[in-house]
2 protein chains.
Amino acid sequence: MKCSSYEDFFKNFANKTKFLIIMHLKNRKMSVNELAAAMNEEQSKISHSLSKLTKCNILTVEQKGKQRIYSLNKDTVIPIIQLVEKHVEKYCDKQGCHK
Amino acid sequence: MKCSSYEDFFKNFANKTKFLIIMHLKNRKMSVNELAAAMNEEQSKISHSLSKLTKCNILTVEQKGKQRIYSLNKDTVIPIIQLVEKHVEKYCDKQGCHK
DNA sequence: ACATCCTATGAATAACAATTCATATGAAAT
DNA sequence: ATTTCATATGAATTGTTATTCATAGGATGT
């Protein structure tokens, strides 16, 4: 099952785990265990998320020995995040955006 | 409860109903009943969605008699959608992105 | 004040996605 | 071929979000 709609694409940003993975990969590519360690989460949890992110081409993978190294598709993702940052700055902080 | 995180913001795009509302408002501002009719959905369903969209400043409202007219915050939303369109075009269509 | 139209809201339920846990797979080394 | 390390996967469960239904509230006209 591939990412087949805009909704599917956006779901990857609408979940804390997946969003944090994206944030971690902004700086450098990482293996599954590296991510799990950095985020202090279970490996399988990370793997499930990575699977969906990759299906939407938000991430790419390369095999390196036993490891699988995930990288962010920066072309798409960075500009989107920047736009949202700008939006939040403008509309949210001002009004103290708290739950 | 305001939109207080990137995840919250993205949740509005990750749901069919909310996403369709956004699409409908790309062209013109509409009242609740207009949207409900155009989308062939229940009024309360639309209202619940409008509420969340508005809390994240993705939409704005104005009162016009008995009606409440909702408009899209185009500054933020249009560019984001365009980026995702480009992404889907590039990575998805090519490979036949089906479920 | 009352009736009507339009919209919002709360609570219950239904639908869906995320997490967990156990286990399978795959690569490399011995 | 077997062991080890790294990751993936399936199924069950938990957690969250969406939808529905009934009703309340707000604006306008009479």
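Lettering of chains follows the sequences in order, A, B, ..., and the numbering in each one begins at 1.
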Completion exercise
Separation of C:dT7 atom P from B:L35 atom CG, nearest Å, is 9 Å
Practice task
Quick one: pull up OG in A:S5 and NZ in B:K16 and give me the separation to the nearest 0.5 Å.
Solution key: 6.5 Å
Exercise for the section: Take the protein atom CG of B:L59 and the nucleotide atom P of C:dT7, then report the distance between them rounded to whole Å. Expected result: 14 Å
Problem - Heavy-atom side-chain proximity of B:V61 to B:L50 below 4.5 angstrom - result: no
Completion exercise
Quick note, salt bridge (charged side-chain N to carboxylate O under 4.0 Å, His left out) partners involving residues 27-40 of chain A, not counting sequence neighbours, are A:R28-A:E34, A:K29-A:E62
Exercise for the section: Identify the two heavy atoms, one from A:F13 and one from A:F19, that lie closest to each other, and give their separation to 0.1 Å. Expected result: O-CD1, 3.7 Å
Problem - Per-nucleotide protein contact string for nucleotides 14-24 of chain D, where B marks a base within reach and S marks sugar-phosphate only (heavy atoms under 4.0 Å, - for neither) - result: ---SSSBBB--
Problem - B:Y70 side chain near C:dA8 phosphate (N/O to OP1/OP2, under 4.0 Å) - result: yes
Exercise for the section: Let me know which of A:L25, A:I58, A:L72 forms a side-chain contact (heavy atoms from CB on, under 4.5 Å) with A:L53. Expected result: A:I58
Handout entry: Between C:dT30 (C1') and A:K66 (NZ): distance, integer Å
Key = 11 Å
Exercise for the section: Round to the nearest Å and state the distance from A:N33 atom CG to D:dC5 atom C1'. Expected result: 9 Å
Completion exercise
Separation of C:dT7 atom C1' from B:E34 atom CD, nearest Å, is 13 Å
Practice task
Measure the CZ-CG distance between A:R68 and A:L35 for me, rounded to the nearest 0.5 Å.
Solution key: 13.5 Å
Problem - Atom pair distance, as rounded to whole Å: CG in A:L53 and C1' in D:dA8 - result: 15 Å
Exercise for the section: Mind calculating the distance between CD (A:Q63) and C1' (D:dA8) to the nearest angstrom? Expected result: 11 Å
Handout entry: C:dA8 OP1/OP2 closer than 4.0 Å to side-chain N/O of B:R68
Key = yes
Exercise for the section: Using whole Å, report how far CD of B:Q67 lies from C1' of C:dA8. Expected result: 15 Å
